[in-house]
Amino acid sequence: MSTILAIESSCDETSAAICVDGKIVSNMIATQSIHEKYGGVVPELASRAHIENIVPTVEAALMELGIGDWDFEIDNNVKETSISNIKYSVLNSIDAIAFTHAPGLIGSLLVGTQFAKSLALALDKPLIAVHHMQAHVLANLIAEEKPAFPFLCLTVSGGHTQIVLAHSPLHLQILGETIDDAAGEAFDKTAKLLGLPYPGGPLIDKYAQLGNAHAFKFAEPQISELNFSFSGLKTSVLYFLQKQKPEFIEENLNDLCASIQFTICNILINKMKKAIKQTGIRQICLAGGVSANSGLRKAFELLGEEKACKVFIPKFEYCTDNAAMIAITGYYKYLAQDFVDLDYSPSARSIW
Ligand code: KG4
Ligand code: ZN
């Protein structure tokens, strides 16, 4: 038996999850909407919001497990006592505490790390450091139906774009990654050029559904091996828009979004085709926030049909940043007894 409490705080979501014997039983996420008006995540504001959110988010995760497991009657007279009893009982049943140690905003990472360390010290339980990008890949192991090893994973988020070969839960190999912007950044930055608010990815997706994907053609970079580049696309869209009349965007928004989305998806799918050919692996997974994109999901399913591959896409709540993916990775690390000391430091850079 193992019960892992996990904490994720690498960017602008504060999340806590609990994994019991490899099954996610609780996953709470507090989203920070404060960044919208600034057009991007403001690191200092993110750290402050994590500090405000972390205790209630962890408590909510503990309560969900507590109520689900023990079926407490909450009598109003003894409500306070019952709630602390639940939290106390659940805390005592925890075998280890997992936290995101890299990569991310250092102030944000520090909040989750310090919280996890304090809890580990107070409860005298082992501490597990989890790499955020490994966790995105292992989100594919949350569902009942899991990919068989080895599998390929296309991880597409706001900060990363990678093709990963998973040999086993804890042996992951990066086959290719972006040399500049991530796929999510390509969505968000081009959306900004179209005058859409941050984060623009979901809005491009929405308008693209009403547009013609072949209305406009944007540059697709020729990058060697399995690496990606998205900064040229942003420039290509910028130069194209600079040549148009002021009303052009408004009149062509749907077609512009559909064409941009098509170009980003094409770049991603072509590299996956190459990876499938190079490795001969026929289990393919998606991960990261951009896997919510409807065009990419469709293109990925089609790729599976075309190349006779079995396709896996995690539930939406496990694609964007969440602690359930930290908890499932923590579970495999717990089985391997892969623990860290209390003096372990988080890192903003992506040390795999
Ligand atoms: O994985 P994630 O939640 O956070 C990071 O670790 O970065 O990914 C966030 C990214 C943002 O760039 C956001 O615009 C993008 O995922 N995104 C989408 C969609 N939903 C989220 N991009 C395109 N279409 C979507 N439906
Ligand atoms: Zn992420």
Looking at side-chain heavy atoms only, is the closest gap between [X] and [Y] below 4.5 Å?
{"X": "Thr14", "Y": "Gln32", "answer": "yes"}
{"X": "Gln261", "Y": "Asp205", "answer": "yes"}
{"X": "Asn140", "Y": "Lys146", "answer": "no"}
{"X": "Thr100", "Y": "Ile7", "answer": "no"}
{"X": "Leu119", "Y": "Leu5", "answer": "yes"}
{"X": "Leu296", "Y": "Leu286", "answer": "yes"}
{"X": "Leu121", "Y": "Leu342", "answer": "yes"}
{"X": "Lys333", "Y": "Ile4", "answer": "no"}

Any Lys/Arg nitrogen of [X] or [Y] sitting under 4.0 Å from an Asp/Glu carboxylate oxygen of the other?
{"X": "Glu185", "Y": "Lys192", "answer": "no"}
{"X": "Arg48", "Y": "Glu44", "answer": "yes"}
{"X": "Lys245", "Y": "Glu251", "answer": "no"}
{"X": "Lys125", "Y": "Asp95", "answer": "no"}

Audit row: Lys310, Glu145, salt bridge (charged side-chain N to carboxylate O under 4.0 Å, His left out) steps and yes/no: CA-CA 11 Å; Lys310 193 142 176 38; Glu145 200 189 355; 2.8 Å; yes
Minimum heavy-atom distance Ile106-Ala348, with the two atoms named: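 Taking Ile106 first and Ala348 second, the nearest heavy atoms are CD1-N, 3.9 Å.
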Here the pair of heavy atoms bringing Phe187 nearest to Val290 is CE1-CG1, 3.6 Å
For the pair Met133 and Val137, evaluate side chain to side chain contact (heavy atoms under 4.5 Å, CB included) and give the outcome as yes or no after the intermediate values. CA-CA 7 Å; Met133 297 313 294; Val137 175; over 6 Å; no
For Phe149, does the CZ atom sit with more than 12 other heavy atoms under 6.0 Å from it, leaving out its own atoms? yes
Check this for me: Glu225, atom CD, are more than 12 non-hydrogen atoms of other residues, nucleotides or ligands nearer than 6.0 Å?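 Atom CD in Glu225 is not crowded, with 12 or fewer foreign heavy atoms closer than 6.0 Å.
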Group every Ile, Leu, Val, Met, Phe, Trp and Tyr by side-chain heavy-atom contacts under 4.5 Å, then state whether Leu253 and Leu238 land in the same group.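 Same cluster: Leu253 reaches Leu238 through Ile, Leu, Val, Met, Phe, Trp or Tyr contacts under 4.5 Å.
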Would you kindly confirm whether Leu172 and Leu170 end up in one hydrophobic cluster when ILVMFWY residues are joined by side chain heavy atoms under 4.5 Å apart?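 Leu172 and Leu170: one cluster.
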If we ignore hydrogens and angles and just use 3.5 Å, is the side chain of [X] paired with the main-chain N or O of [Y] as donor and acceptor?
{"X": "Asp21", "Y": "Ser2", "value": "yes"}
{"X": "Lys117", "Y": "Tyr344", "value": "yes"}
{"X": "Thr161", "Y": "Ser157", "value": "no"}
{"X": "Asn227", "Y": "Thr178", "value": "no"}

Kindly state whether the ring of [X] and the ring of [Y] have centres lying under 6.0 angstrom apart.
{"X": "Phe216", "Y": "Phe248", "result": "yes"}
{"X": "His214", "Y": "Phe262", "result": "yes"}
{"X": "Tyr332", "Y": "Tyr334", "result": "no"}

Go through the steps for His132 and Glu8 under the test side chain to side chain donor-acceptor pair (under 3.5 Å), then give the verdict. CA-CA 8 Å; His132 183 86; Glu8 153 66 30; 3.1 Å; yes
From [X] [atom1] over to [Y] [atom2], what is the distance, rounded to the nearest 0.5 angstrom?
{"X": "Leu138", "Y": "Tyr318", "atom1": "CG", "atom2": "OH", "result": "14.5 Å"}
{"X": "Ile54", "Y": "Ser108", "atom1": "CD1", "atom2": "OG", "result": "10.0 Å"}
{"X": "Ile163", "Y": "Glu177", "atom1": "CD1", "atom2": "CD", "result": "10.5 Å"}

Evaluation steps, side chain to side chain contact (heavy atoms under 4.5 Å, CB included), between Ile276 and Arg282: CA-CA 7 Å; Ile276 294 167; Arg282 297 226 138 31; 4.0 Å; yes
Hey, which of Thr57, Thr31, Thr320, Asn322 is the one that makes side chain to side chain donor-acceptor pair (under 3.5 Å) with Glu13?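 Among Thr57, Thr31, Thr320, Asn322, the one that satisfies the side chain to side chain donor-acceptor pair (under 3.5 Å) with Glu13 is Thr31.
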Could you walk me through whether Leu241 and Ile249 pass the side chain to side chain contact (heavy atoms under 4.5 Å, CB included) check? CA-CA 8 Å; Leu241 292 176; Ile249 294 178; 3.9 Å; yes
Walk me through whether Thr3 and Ile18 qualify under side chain to side chain contact (heavy atoms under 4.5 Å, CB included). CA-CA 7 Å; Thr3 301; Ile18 298 173; 3.7 Å; yes
